[in-house]
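Residues take their numbers from the sequence shown, with the count starting at 1. Order of listing sets the numbers, starting from 1, for every ligand and every atom in it.
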Amino acid sequence: MGLILLLNGGILDNPPDIVLFLGRFHPVVVHLPIGFLIMAILLQVAARWPKYKPLTIYIPLAWLMGAVSALIAVIFGYFLSLSGDYDEDILFWHQWAGIVLMLMSFGCYFINKKWNNSLSVPKWALVFLVGFLLMFTGHLGGNLTHGSTYLLQYAPNPVRYMAGLPSKVEPRKKVAVLDSADVFLDLVLPMMQSKCVGCHNEGKKKGGLLLTSYAMMMRGGESENTIVPGDALKSELVRRITLPMEHDDFMPSEGKLPLTDQEVVLIKWWIKIGAPSNGFVTQLDTEKALTSLVSNYLGLDKNNLFNKKVPPPDQAVVDSLINRGFVINPLMKDNYFIDANYSLSEYTLEASDMDILLKLKEQLVWLNLGNSKVKDAYLEKIGLLQNLVKLDLKGNEISDAGIKHLSKLENLESLNLYGTKISKGVLELVPQLTRLKKIYLWQTQVTSENIAELKKENPGLTVIYERE
Ligand code: HEC
């Protein structure tokens with residue numbers, strides 16, 4: 001019956017519900033032949049020892065149960081395939097491996113029934129083949145439902161390399177300031193992941209297109225022009241997401257949750273500027289046309305820190321900082337966060353200035369102390385400025401002994417240590433700064449081996465080690 005249905009596959013373009021209903025049971029039913037066939041193989045092997053000889057009489061029964069349940073699994077599997085949601089290549093091999101496995105199981109049954117457990121090379125070859133096919137079919141079945149990387153998803157990196165897979169990706173930290181938003185990793189890829197990869201992954205490569213990584217997106221799908229860098233309107237992907245929803249080619253298909261208008265604008269812009277694989281949005285968006293759109297899209301307004309209501313800074317404190325040579329600016333219109341910059345001051349920073357800064361520890365989110373003769377001892381107090389998001393310490397005589405005091409800066413996203421004396425102390429510091437996205441280490445005593453380790457241990461981090 002299964003075979004007849006298979007050969008007439010074309011007729012069943014609109015399978016009745018009952019067929020689709022039964023098909024859904026395939027993943028459950030397949031466990032029966034797996035169990036019975038493993039049992040049959042074990043019995044077959046065991047019965048060779050005199051002690052287990054009496055088991056021989058059960059061997060044909062085990063094979064028969066394995067074969068019959070395999071037949072049912074094949075039929076249900078065929079029903080399931082009619083829903084047409086699977087990668088055709090893997091499906092082809094899975095289907096035929098399953099059918100051959102089923103036929104061979106019947107073969108084993110007849111051989112055992114006829115010739116008992118007498119030893120013969122062809123028979124053992126057949127049993128061995130059944131065992132092999134069982135694993136092969138099951139593996140392909142797993143790939144169909146979970147994508148071909150499922151098995152090794154949590155494997156240690158060395159095992160992943162052996163299988164030709166890239167190293168494990170750490171989940172990306174949530175963006176907290178617009179400046180650290182990456183055009184691909186924080187905008188494009190998450191959109192694809194939430195709305196498109198359900199049908200465009202290794203297991204279900206609809207339209208021949210994978211939307212799981214930059215390389216795969218650029219390789220494109222069946223059309224020659226899936227993404228045309230620099231020309232959004234010529235890109236098939238843009239055409240698909242901007243069609244009227246009822247159009248047959250509209251993506252995502254099957255009434256799945258479509259991209260929002262914001263998302264469509266962002267994708268079009270990304271392609272227009274050349275579909276770069278990375279880059280900070282604020283740097284790419286030279287006309288600053290998208291600033292508010294992107295920060296809104298990334299939910300930055302809702303971000304913990306910036307959502308916090310802080311009291312206005314004490315004007316007397318602000319004035320005393322200004323008198324000491326600080327430039328103080330409000331960071332945003334509708335709250336009291338401030339940006340303090342000493343890098344242009346003509347005065348020399350003193351330890352007592354740190355105490356004044358501390359009085360603004362709630363409001364102070366950006367602090368620039370570049371080339372300001374900051375000493376290690378000052379960093380103890382700077383480490384208490386808990387709301388700092390951006391800290392610039394470039395060109396100061398500071399070392400590992402000082403920066404270890406920065407470990408409590410849990411909001412810090414950008415740290416500039418260019419031109420300082422720090423060395424491998426960064427390796428200890430960085431993991432403690434859970435939100436850190438960008439660190440500048442050019443012209444320090446951090447070696448290139450340290451840099452390699454830093455990058456390896458903190459994959460989401462951008463390390464700037466050369467002149468920009
Ligand atoms: C429910 C499944 C499903 C979802 C979700 C889905 N697609 Fe598709 N996609 C398909 C199918 C099926 C095809 C192939 C048939 C066709 O060409 O319409 C396809 C084809 C495509 C193609 C054409 C490939 C080429 O290069 O010729 C593009 C581009 C595409 N999809 C983009 C997307 C994008 C972008 C999203 C997310 C917004 C998305 N798809 C979500 C099912 C889906």
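- Polar contact with ligand 1: absent for D248 (N/O pair, distance under 3.5 Å).
- Protein heavy atoms are found less than 4.0 angstrom from atom 32 (C) of ligand 1.
- Looking at E263 and K195, a side-chain N of the basic residue comes within less than 4.0 Å of a carboxylate O on the acidic one, giving a salt bridge.
- Atom CG of L237 is separated from atom NZ of K268 by 12.0 Å, given to the nearest 0.5 angstrom.
- Scanning all protein heavy atoms for the shortest distance to atom 26 (O) of ligand 1 gives T226 OG1, 2.6 Å.
- Per-residue contacts place K195 under 4.0 angstrom from the following atoms of ligand 1 (heavy atoms of the residue considered): 5 (C), 37 (C), 41 (C).
- Here is the list of ligand 1 atoms found below 4.0 Å of a heavy atom in L237: 29 (C), 35 (C).
- If you run side-chain contact (heavy atoms from CB on, under 4.5 Å) between Y109 and each of I59, L64, L61, only L64 comes through.
- Ion pairing of K456 with E453 is absent here, as no side-chain N (NZ or NE/NH1/NH2) approaches a carboxylate O to less than 4.0 Å.
- Around NZ of K394, the count of heavy atoms belonging to other residues, nucleotides or ligands within 6.0 Å exceeds 12.
- Checked against side-chain hydrogen bond (donor to acceptor under 3.5 Å, both in side chains), D231 has the following partners two or more places apart in sequence or in another chain: K234.
- Residue G221 approaches ligand 1 through these ligand atoms, each under 4.0 Å from one of its heavy atoms: 25 (C), 26 (O).
- Annotation: cation-pi geometry not satisfied between K455 and Y465 (NZ/CZ under 6.0 angstrom from ring centroid, within 45° of ring axis).
- Below 4.0 Å from some heavy atom of K256 lie the following atoms of ligand 1, by number and element: 1 (C).
- Applying the 4.0 Å criterion to heavy atoms of S223 picks out, from ligand 1, the atoms 25 (C), 26 (O), 27 (O).
- To the nearest 0.5 Å, atom CG of residue D392 and atom CG of residue L367 are 8.5 Å apart.
- Put simply, OG1 on T226 and CZ on R240 are 9.0 Å apart, with the number rounded to the nearest 0.5 Å.
- Atoms of the protein (N, O or S only) found under 2.8 Å from atom 8 (Fe) of ligand 1 are H200 NE2, M251 SD.
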